[in-house]
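Sequence lines set the chain letters: A, B, ... in the order given, protein chains first and strands last, and positions in each chain run from 1.
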There are 2 protein chains.
Amino acid sequence: MVPCKKCRTAHNVVKAGFVRGKQRLFCKTCELHFTVSLPQHEEPKAARQTTIVDVARALGVAPSTVSRALNGSTDINSFTRQEILRVATEMDYRPNLLAQSLHRGETHTIGVVIPDIERPFFAGVLAGIQKVATEAGYRVMICQSNESHSTETLNVQALVASRVDGLLISHSKETTSFEHIKLQLKKGLPIVHFDRVCDEVDTAKVVQEDFEGSFALVEHLIGQGCRRIAVCAGPRELLISSARLQGYKAALEKHGIELDESLIYHSHFKKGEPLLALEKWLALDARPDGIFAVHYANAIEIMVELKKRNFQIPQEVAIVGFGDELIAELIEPSLTVFHLFPFAMGEAAASLLIDNIIHRDTFMASTQKMRGELRIRQSSLRS
Amino acid sequence: MVPCKKCRTAHNVVKAGFVRGKQRLFCKTCELHFTVSLPQHEEPKAARQTTIVDVARALGVAPSTVSRALNGSTDINSFTRQEILRVATEMDYRPNLLAQSLHRGETHTIGVVIPDIERPFFAGVLAGIQKVATEAGYRVMICQSNESHSTETLNVQALVASRVDGLLISHSKETTSFEHIKLQLKKGLPIVHFDRVCDEVDTAKVVQEDFEGSFALVEHLIGQGCRRIAVCAGPRELLISSARLQGYKAALEKHGIELDESLIYHSHFKKGEPLLALEKWLALDARPDGIFAVHYANAIEIMVELKKRNFQIPQEVAIVGFGDELIAELIEPSLTVFHLFPFAMGEAAASLLIDNIIHRDTFMASTQKMRGELRIRQSSLRS
DNA sequence: TTATCTATCGAAAACGTTTTCGGAAACGCC
DNA sequence: GGCGTTTCCGAAAACGTTTTCGATAGATAA
């Protein structure tokens with residue numbers, strides 16, 4: 001019935017069970033097992049991208065020769081090269097980056113993990129990263145941790161699985177353990193921290209003037225006559241929070257103002273939270289005459305609430321915040337801030353990372369501090 | 001001197017030139033060319049990721065068997081599977097996504113092209129895209145066109161070169177030719193447009209209520225007694241601009257207000273530009289008593305300028321804008337807007353795309369319109 | 001027994017590159 | 001003409017998977 005695939009005759013072919021739903025046969029002459037494949041209505045095979053092999057075949061040369069022509073190797077006749085390049089463009093050849101990456105062991109892609117892409121600060125950083133990366137021929141893959149430690153860990157794993165050449169990360173505020181970072185670092189993955197860095201590992205870092213900025217803001221408040229300055233601090237776990245709190249304390253100390261723990265409130269950058277702090281402060285016998293929020297958004301929230309309650313700003317309470325956005329300038333009164341340059345931070349971080357990737361062995365981890373600017377506006381100017 | 005690589009004797013070996021800097025030799029007995037490679041101080045070979053082959057070797061099975069165990073094939077003994085899984089986790093095996101993608105011809109990655117990541121609207125869309133994509137097991141690669149047509153084209157090419165499985169795109173305002181899109185579409189790449197769509201091609205689209213929202217805003221102004229309503233329109237080239245302008249015109253027409261071309265100004269969403277429009281309008285004999293900006297940021301700019309000049313808002317001039325941000329709520333007077341839901345738009349677009357990718361042949365392109373909301377605030381409320 | 005069947009596995013091809021190594025031919029020089 | 005040289009190119013391996021196809025052993029049915 002069914003002819004053997006080898007001897008083409010059917011007289012010694014017997015059935016031999018089933019495999020994966022198909023009838024199996026055995027030719028006793030050839031001692032060959034085989035299955036009958038139905039004529040299989042041949043698919044029109046959606047037009048593939050042309051490959052190096054296609055180009056080679058079209059010219060009657062070897063794939064390796066085409067590769068040589070494309071990659072500017074010297075080991076090739078210039079006429080041959082020109083012909084190959086001509087045909088390649090003619091056939092609209094585009095190298096398959098996957099195959100290239102697989103072979104070369106590098107993807108020319110960098111991974112970025114940020115807490116929240118919707119925060120203007122991080123969006124700005126991203127834009128800076130994109131710019132530098134693109135110019136250097138790198139692609140960018142972005143993940144959001146949504147301020148969750150477990151998501152952050154998953155993000156890192158996903159990026160590593162995609163074989164990114166390096167990692168840029170700003171930790172979630174939940175993150176207190178850095179095993180996921182240490183693991184990759186041990187495997188040799190270049191990693192650069194920015195903004196919310198981690199001091200447990202030896203990576204290059206880009207940070208803000210957290211201490212200096214806070215110091216400047218608080219000193220400015222003192223200069224305006226404030227003596228009871230409350231602070232809406234950040235999550236205790238974050239390094240940037242404590243650095244900013246240190247700046248606050250240092251400014252007080254310099255000017256001989258005693259620290260009052262009841263004026264310190266640790267928030268989590270969450271909406272509504274600063275109002276709890278405010279409630280607490282307003283209930284004090286001695287109310288604060290100045291408020292410093294380590295996140296400008298918190299400052300704005302507090303200011304809006306104070307305005308609602310008819311407080312005079314800055315006369316009764318002066319307000320300043322860390323970080324800046326258009327809104328801080330447009331709100332009334334406009335908010336005194338320590339202005340940051342997120343775009344520049346992104347550029348710096350990406351530059352460091354790419355440096356680290358390229359000079360993997362000689363690269364020395366360093367910490368770069370981005371300049372910020374004290375921008376004095378109406379919310380604190382008592383003159 | 002130097003022994004032949006084959007016969008191991010040196011007595012018939014002669015020099016035969018140089019290749020790539022290395023001495024070349026020829027053994028006349030074996031008729032063999034070969035080069036002498038210096039003992040090459042063996043590199044310690046930076047610890048590779050463990051592969052499927054490593055796992056296979058550790059267990060004495062074939063790589064295909066390991067693959068089967070990992071992929072839940074039925075063609076494997078359950079004990080074997082367990083052993084393989086055990087050893088795989090023990091050796092911390094992670095599949096190489098590059099190799100998988102190369103083989104399967106799909107990357108489980110989607111590409112996104114947006115004009116500007118720093119615009120809160122697009123950041124919101126991105127967040128929505130990320131959420132849906134991640135849940136569906138897709139990674140996201142983002143590019144910015146910076147409102148440049150050529151950059152946009154390069155972005156698309158780069159993403160295609162990275163072999164993304166599909167494309168989400170919101171066009172730059174420069175883009176009037178869509179050849180780069182048509183080309184990829186012809187090659188069978190699933191593409192979904194959002195916000196700034198293009199009606200020349202048959203793709204699935206997600207749009208805002210551009211017409212309806214504008215209509216509602218302008219009708220609201222009319223309801224507040226405005227009769228000379230100026231419009232700060234968008235770039236002529238963008239579909240969303242003309243849709244919004246149509247909404248404006250339709251509202252006027254419905255209420256029997258004659259269209260006055262001198263009240264229409266086409267801006268490019270650029271900072272400072274709306275002020276030129278304002279200048280023009282204030283120079284008119286009959287000044288506008290209402291202003292509609294098709295971009296809320298323009299509305300805010302205009303409002304800030306009018307306040308500087310001591311205009312009464314909304315009494316002398318009422319202002320409304322398309323789109324929303326926290327700043328619109330906090331500025332004084334707060335701005336009446338047509339509120340959008342960028343996150344939801346991102347979710348919808350990503351869902352459509354993934355649908356398109358999975359059901360490539362049966363997928364039918366459709367246009368989905370996102371609901372918006374008229375949010376009436378102080379800048380237009382005269383009562 | 002013998003013919004068939006099932007369960008389980010390995011070998012090898014394939015995905016699209018790049019790179020290594022050697023072969024063929026032509027060239028130069030005594 | 002013999003020797004050393006250079007130029008240009010092809011074959012094949014490698015990157016890490018998945019998939020196809022056939023092989024084998026034991027089980028079952030005839």
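Applying the 4.0 Å criterion to OP1 and OP2 of D:dC9, one finds that A:Thr65 has every side-chain N and O outside that range. Within the structure, every side-chain polar atom (N or O) of A:Gln100 is placed at least 4.0 Å from both OP1 and OP2 of C:dG16. Residue B:Asn71 places at least one side-chain N or O closer than 4.0 Å to OP1 or OP2 of D:dT18. Considering only side-chain N and O atoms, A:Ser64 lies nowhere under 4.0 angstrom from the phosphate OP1 or OP2 of C:dT20. Applying the 4.0 Å criterion to OP1 and OP2 of C:dT17, one finds that A:Ser67 has every side-chain N and O outside that range.
When rounded to the nearest whole Å, the span between CG of A:Leu98 and P of D:dT18 equals 14 Å. Residue B:Ile76 contributes atom CD1, which lies 12 Å from atom P of D:dT18 at whole-angstrom precision. Taking atom OH on A:Tyr93 and atom C1' on C:dG16, their separation rounds to 7 Å, with Å as the unit. Spacing between atom CG of B:Leu102 and atom P of D:dA14 amounts to 17 Å, rounded to whole angstrom units. The distance between atom CG of A:Asp54 and atom C1' of C:dC15, rounded to the nearest whole Å, is 13 Å. One can place CG of A:Asn77 at 13 Å from P of C:dC27, the figure rounded to the nearest angstrom. Atom-to-atom, CZ of B:Arg68 to P of C:dC9 comes out at 8 Å; the value is rounded to the nearest Å. The separation between A:Asn96 atom CG and C:dG16 atom C1' is 6 Å, rounded to whole Å.
Put simply, the side chain of A:Arg94 and the base of C:dG16 share no donor and acceptor less than 3.5 Å apart. Judged by atom type and distance alone, B:Asp75 reaches the base of C:dC9 through a side-chain donor-acceptor pair under 3.5 Å.
The B:His103 side chain lies nearest to D:dG16 when the options are D:dA14, D:dG16, D:dA11. Comparing C:dT17, D:dG10, D:dC21 by their closest approach to the side chain of A:Thr51 singles out C:dT17.
Judged by closest nucleotide on DNA chain C, B:Thr80 is the one of B:Thr80 and A:Leu70 placed further toward the 5' end. Between B:Arg104 and B:Gly60, the residue anchored nearer the 5' end of DNA chain C, judged by the nucleotide with its closest heavy atom, is B:Gly60.
With respect to A:Leu189, the side chain to side chain contact (heavy atoms under 4.5 Å, CB included) criterion is satisfied by exactly one of A:Ile181, A:Asn356, A:Ile357, A:Val160: A:Val160.
For the salt bridge (Lys or Arg N to Asp or Glu O under 4.0 Å) condition, no pair includes a residue of residues 151-166 of chain A, sequence neighbours left out.
Going from atom CG of A:Leu168 over to atom CD1 of A:Ile129 covers 5.0 Å, rounded to the nearest 0.5 Å.
Under the 30°/60° scheme for interplanar angles, the aromatic rings of B:His193 and B:His171 are found to be tilted.
Partners of A:Val132 by side-chain contact (heavy atoms from CB on, under 4.5 Å), not counting sequence neighbours, listed by chain and number: A:Glu347, A:Ala350, A:Ser351, A:Ile354.
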